[in-house]
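Below: the structure, in structure tokens.
In each ligand, atom 1 is the first atom listed, and ligand 1 is the first ligand listed.
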Amino acid sequence: MQEYMIEGYLKTDRYLVNFNTEDLPSEFFDVVIIGSGIAGVYTALSCPRNTRVLIITKESIEINNSVLAQGGIAVSLDQNDSTDLHFKDTLYAGAGLCDDTAVKALVTEAAENIANLCLYGVNFDRDSHRRLSLTREGAHSINRIIHTGDATGKEVCDTLVSAVSCLDNVVIKEQTFAIDILTEKGECKGVLTTNEEGTELVAYYAPVVVCASGGYGRLYSKTTNPEVATGDGASMAYRAGAELMDLEFVQFHPTVLCHPENQSFLISEAVRGEGAVLRNHKGERFMEQYHPLKELAPRDVVSRAIFQEMQKNNISHVFLDITHKDKEFLENRFPTIYSKCLSYGIDMSKDYIPVAPSQHYSMGGIKTDEWANTNILGLYAVGEAACNGIHGANRLASNSLLEGLVFGRRIGKIVKENLDSIKIREGFKPKIKNDRKYIEKEIDCRSLIKRLQSVMNNNVGIIRTKESLNEAMETVMEISSLVEGVNASNVQMIELKNMLILSAQVIKAALTRKESRGAHYRSDYPDTDDINWLRNIVFRGEPNND
Ligand code: SIN
């Protein structure tokens, strides 16, 4: 992989709080997993039953981004489909930036993992022959998305969470916030955590730590992501010296409900897969002016087209029209979306749905190879927290839950193959401390977070320029200076510090990429530059007191 490496853009403390492992309450496991979305839970299920596994999650186990996934999971099952075609579609959507080896793993191991989900009891929709029903989403050249109505993520997560909850070898700790990855001589040794109030530090040591903490959607004020998606995983990995990659590629979902009372509810791409079309304020279709695949063009193309329509006509949203389908079909196929829209007085069998693009997915994250290894021994990353190159510059729809499955299972295989070394724990407790003197100061974190999210939304969104990005960087630096050296005594302050570190890298990456590619569009560099382009922009954190 050809890379453009930037050494630690925003200088940061190695650790966010004071501690000394000599005095800390601690527990030992074979594997510690940060995050309880599909990637984290499936990784736990994939580890051998004779390993002791801990899942920590900062909220309750069912609050994560995977649960909200509506559309489904991509898998080549149709008789006219193939893993090669899925591979080709993924690469096309990824705009030249995908990692072929990782994508190969994704598409070839898809079916076996779906079969595994069926064994766990996931109830996917089936046709009259009991075959898995397949629908279409943007940039797929064939029907390839398996689903459970419009709540696929919830069905998969509920099933996997109940499976993992029955396992004696897996411990789940909720309301447990991971502050920092513990490292000694550059090797990962465990995770430093705190409770909700930020008052009780505990260290969990393990030879294998898996970061499955999700993406960084909450850097933006308008997002489909839950509140927990503050990019903590990438930020703490960066402080530990991990590499972050492709951060400039932020996916905006084209069709998010735009109603005065709700601007974060997703209207699944599968609605367009079932024939919905986009219309502007005059009721005219416009996608044919932007891409031959029209409403089913890659997600970045559709989002940009809607954004341009909105700007051109000075309107806050466009409309999604699926009125050619009757109420019975819609209630059955999209029960969640149908009832949510109805609760706002929108009957999608008769009314157009007001929609606008909103942040949805982070392509960038902690750099890994195709076996989820980071550059830090013992630290793995999987799911949206990771960047292994499968999504390139723009993720193909419904490849994300699949990513969590395929690479989570691969981590399970690594654990199994290295059981002997993983099981050795003698002398494992490391001696690590952070005794930096912090300032005690009352800071209104909530308002600073809001300010940060708003500038990220307005200046680092669907269309960027050097000026917009520089302005955003100024805001990030100004807020950073307000919290520099201040004790991270509560979870909100830790989140704010994480968000600042990550925002700075996202902006720096977006400034560095002087071309438009996939989800990264610079109106001052509107063309894709296939000659002098930088492939992957990588940041490496510089721990200053490890
Ligand atoms: C959707 O249902 O449109 C979202 C699916 C995805 O993000 O892949």
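- Distances from ligand 1 to the non-hydrogen atoms of H253 include at least one value under 4.0 Å.
- A donor-acceptor pair under 3.5 Å is absent between the side-chain atoms of H140 and the main chain of I142, judged by distance alone.
- The backbone N or O of Y216 lies less than 3.5 Å from a partner atom in the side chain of S362, making a donor-acceptor pair.
- The aromatic ring centroids of F307 and F252 lie 6.0 Å or more from each other.
- Residue contact annotation: A69 has no non-hydrogen atom under 4.0 Å from ligand 1.
- For atom 7 (O) of ligand 1, the nearest non-hydrogen atom from the set H360, E137, Q251 comes from H360.
- With atom 4 (C) of ligand 1 as the reference point, the heavy atom nearest to it among E269, R299, R272, H147 is part of R299.
- One N or O on the side chain of Q251 and one on the backbone of R395 form a donor-acceptor pair closer than 3.5 Å.
- Residue contacts with ligand 1 for T255 are absent, since no atom lies close enough (heavy atoms, distance under 4.0 Å).
- Looking at A397, S398, S268, A270 and measuring to atom 2 (O) of ligand 1, the nearest heavy atom belongs to S268.
- Under 3.5 Å, the side chains of Q453 and S221 contain no donor-acceptor pair of N or O atoms.
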